[in-house]
Amino acid sequence: QVQLVESGGGLVQAGGSLRLSCAASGSIFSINVMGWYRQTPGKQRALVARITNGGSTNYADSVKGRFIISRDNAKNTVYLQMNSLKPEDTAVYYCNAEGRDYEIRYLEVWGQGTLVTVSS
């Protein structure tokens, strides 16, 4: 079974920082894209940042200049460094991985979600 294990969520005051980590494990032939999404009650899950196997990144406009996504391909791990946090960043953050299994079938895996709360 493929799974994503997340860590790093918690409570922080506005202006502070948190670093989220997500490690993929299991039977995966390749992982092409890893990313972070977030969701608040009553709203759709939205992209925060994503990174390809080659290192290309994409950020939501609301986090550009504040968040940095990085990836350790050898460890199948993605990180999200969140700086200058704002109360509106409060959400459940989900790790995502896209790739292929050993039969070259597309797979997409989601983490369990970790809550980030930013107080005013």
Side-chain angles (χ1 to χ4, degrees):
Q1 294 287 338
V2 178
Q3 64 177 13
L4 302 177
V5 180
E6 301 168 321
S7 63
L11 175 65
V12 65
Q13 292 193 352
S17 298
L18 285 174
R19 184 173 185 258
L20 305 182
S21 299
C22 174
S25 63
S27 299
I28 304 176
F29 179 74
S30 65
I31 297 177
N32 302 115
V33 183
M34 299 189 77
W36 292 94
Y37 295 71
R38 65 188 182 186
Q39 186 172 23
T40 55
K43 296 184 178 180
Q44 295 290 326
R45 191 173 299 182
L47 173 70
V48 177
R50 67 200 299 269
I51 184 168
T52 69
N53 193 44
S56 297
T57 58
N58 184 35
Y59 295 91
D61 288 340
S62 59
V63 306
K64 286 182 179 178
R66 298 189 297 120
F67 292 8
I68 301 172
I69 189 169
S70 60
R71 178 174 178 173
D72 186 337
N73 290 336
K75 297 180 179 180
N76 284 332
T77 300
V78 64
Y79 307 92
L80 184 67
Q81 178 66 45
M82 304 184 293
N83 301 314
S84 301
L85 283 162
K86 304 174 180 179
E88 51 262 43
D89 294 319
T90 296
V92 177
Y93 285 70
Y94 296 90
C95 180
N96 171 267
E98 301 174 23
R100 299 280 180 175
D101 65 14
Y102 283 97
E103 295 184 8
I104 321 300
R105 294 176 296 191
Y106 173 81
L107 62 85
E108 183 175 22
V109 184
W110 291 91
Q112 79 286 353
T114 183
L115 177 63
V116 172
T117 302
V118 184
S119 63
S120 61

Heavy-atom side-chain contact between Glu108 and Asn96 under 4.5 Å: yes
Closest approach of Gly99 to Asn32 (non-hydrogen atoms, all atoms of both residues): CA-OD1, 3.7 Å
Passing option when Arg38 is tested against Leu47, Thr90, Val63, Val92 for side chain to side chain contact (heavy atoms under 4.5 Å, CB included): Val63
Side-chain (Thr77) to main-chain (Lys75) donor-acceptor, under 3.5 angstrom: yes
Least distance between heavy atoms, Ser17 atom then Ser84 atom: OG-N, 4.3 Å
Ion pair Lys64/Asp61, N-O distance below 4.0 Å: yes
Any Arg66 side-chain heavy atom under 4.5 Å of Asp89 side chain: yes
Could you tabulate the donor-acceptor pairs under 3.5 Å formed by side-chain atoms of residues 109-120, not counting sequence neighbours?
unit_1 : atom_1 : unit_2 : atom_2 : d
Gln112 : NE2    : Glu6   : OE1    : 3.4

Stacked cation flag Arg71 on Tyr79, 6.0 angstrom / 45 deg: no
Heavy-atom check, side chain of Met82 versus side chain of Tyr93, under 4.5 Å: yes
Check: Phe67 and Leu85 side chains under 4.5 Å, non-hydrogen atoms: yes
Centroid-centroid distance, Tyr94 to Tyr37, less than 6.0 Å: no
Stepwise side chain to side chain contact (heavy atoms under 4.5 Å, CB included) check, Glu98 with Met34: CA-CA 6 Å; Glu98 301 174 23; Met34 299 189 77; over 6 Å; no
Side chains of Asp101 and Ile28 in contact at under 4.5 Å (non-hydrogen atoms): no
For the student: nearest non-hydrogen atoms of Val78 and Cys95, plus distance: CG1-SG, 3.8 Å
OG-CD1 distance between Ser56 and Ile51, expressed to the nearest 0.5 angstrom: 8.0 Å
Spacing of Asn76 atom CG and Ser25 atom OG [to the nearest 0.5 Å]: 9.0 Å
Minimum-distance pair of heavy atoms, taken over all atoms of Ser27 and Tyr102: C-CE1, 3.7 Å
Val48 reachable from Val33 in the ILVMFWY side-chain graph, under 4.5 Å edges: no
Flag, side chain of Asn73 to backbone of Asn53, donor-acceptor distance under 3.5 Å: yes
Which atom of Leu4 lies closest to which atom of Ala24, heavy atoms considered: CD2-CB, 3.4 Å
Short side-chain to backbone donor-acceptor contact, Tyr59 and Ile69, under 3.5 Å: yes
Sub-4.5 Å side-chain heavy-atom contact between Arg19 and Ser21: yes
Residue list, side-chain contact (heavy atoms from CB on, under 4.5 Å) with Lys43, at least two apart or on another chain: Thr40
